[in-house]
Amino acid sequence: MKILYFAWLRERVGLAEEDIPVPPEVATVSDLAHWLATRDAAHAHAFSNPAVVRAALDRRHVKGDALLAGAREVAFFPPMTGG
Amino acid sequence: MSDPLAPPLAPPLADSFGVRVQAEPFDAAAEAEAMTRGRVDVGAVVTFAGLCRADVAADGTALAALTLEHYPGMAEEEMGRLIEEARQRWPLLGARIVHRHGRLVPGDPIVLVVTASPHRGAAFAAAEFLMDWLKTSAPFWKKEDRAGSGDWVEAKSTDDAAAERWK
């Protein structure tokens, strides 16, 4: 699955994107964030406060309970500050 | 019988709606003019520009620059969805959003919203709606450069409240 990171999540993970196989038991966006946090110290730092992490599935905003099945691209980022 | 001196009919509406994300500055007057050129059905055009503002933090450090990061693809799609939502709510004849990315210094334009409608009420309301929702849902992030150190701007609860009032 293609995973994108933006802003301070990108800086903490140390990657703008990565393509990694996700185990089948990782069903939701929230599951994925928790699973990513177990991968290494950089991911753990990025996802240390899930309350301030937002997500998009295939370029649409979603909540943590959104199912990953069928999605091509998931993105994690902080609350937006454009405009 | 039609008047041979009458301006040409309005162009297809689709041409008057759209979004752009770009590093380059924008010309607010030219964008507004393009939306109304050659048509006579527009009675109101609202142009809003958001600028990078000089700012001094509590510790006395001045803002040197803002760097805007965005999610290419989603930024355009999300702003396009906001325009579609605005069209459902108001009788718009045009709506355009131009948002810049990259490094911007105080005084630089960041974002432009142009709306056109037969009457001013819809044009004003739609422009405000687009700006309020853009700030909380378009995937852009600002990083401040102050005296060589950089910090990401935190989202404001007042921005969330501004967007929520349209629900």
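Chain identifiers are assigned alphabetically (A, B, ...) following the order of the sequence lines, protein sequences preceding nucleic acid strands; residue numbering begins at 1 within each chain.
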Which bit of [X] is near chain A, if near means a heavy-atom gap under 4.5 Å: side chain, backbone, both or neither?
{"X": "B:H70", "value": "backbone"}
{"X": "B:P109", "value": "neither"}
{"X": "B:S137", "value": "both"}
{"X": "B:K135", "value": "both"}

Please report the interatomic distance CG(B:L134) to CE(A:M80), rounded to the nearest 0.5 Å.
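Those atoms lie 10.5 Å apart.
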
To the nearest 0.5 Å, what is the distance between CD (B:E154) and CH2 (A:W8)?
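Atom-to-atom, B:E154:CD and A:W8:CH2 are 9.5 Å apart.
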
Not counting sequence neighbours, which residues clear salt bridge (Lys or Arg N to Asp or Glu O under 4.0 Å) with A:R54? List them please.
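A:R54 satisfies salt bridge (Lys or Arg N to Asp or Glu O under 4.0 Å) with no other residue.
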
Listed partners of A:E73 passing salt bridge (Lys or Arg N to Asp or Glu O under 4.0 Å), at least two apart
A:K2, A:R59

With chain A as the partner, which of B:R81, B:M131, B:E78 has the greatest number of non-hydrogen pairs under 4.5 Å?
B:R81

Tell me if the CZ atom of A:R72 is crowded by more than 12 foreign heavy atoms within 6.0 Å.
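Counting neighbours around CZ of A:R72, 12 or fewer heavy atoms of other residues, nucleotides or ligands fall under 6.0 Å, so no.
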
Min side-chain heavy-atom separation A:L4-B:Y71 under 4.5 Å
yes

Do [X] and [Y] share a hydrophobic cluster (ILVMFWY, side-chain heavy atoms under 4.5 Å, transitive)?
{"X": "B:W152", "Y": "B:V105", "answer": "no"}
{"X": "A:F77", "Y": "B:L68", "answer": "no"}
{"X": "B:F48", "Y": "B:W133", "answer": "yes"}
{"X": "A:L67", "Y": "A:M1", "answer": "no"}
{"X": "A:F6", "Y": "B:L104", "answer": "no"}

Please find the pair of heavy atoms, one from B:V153 and one from A:T81, that lie closest to each other, and give the distance.
O-CG2, 3.3 Å

Go through it in stages, so that I can follow the logic: the residues are A:R60 and B:E77, the test is salt bridge (charged side-chain N to carboxylate O under 4.0 Å, His left out), and I'd like the CA-CA distance, side-chain angles, deciding distance and then a yes or no.
CA-CA 9 Å; A:R60 282 178 176 269; B:E77 291 174 19; over 6 Å; no

At a heavy-atom distance under 4.5 Å, which candidate from A:A75, A:P78, A:A56 has the highest pair count against chain B?
A:P78

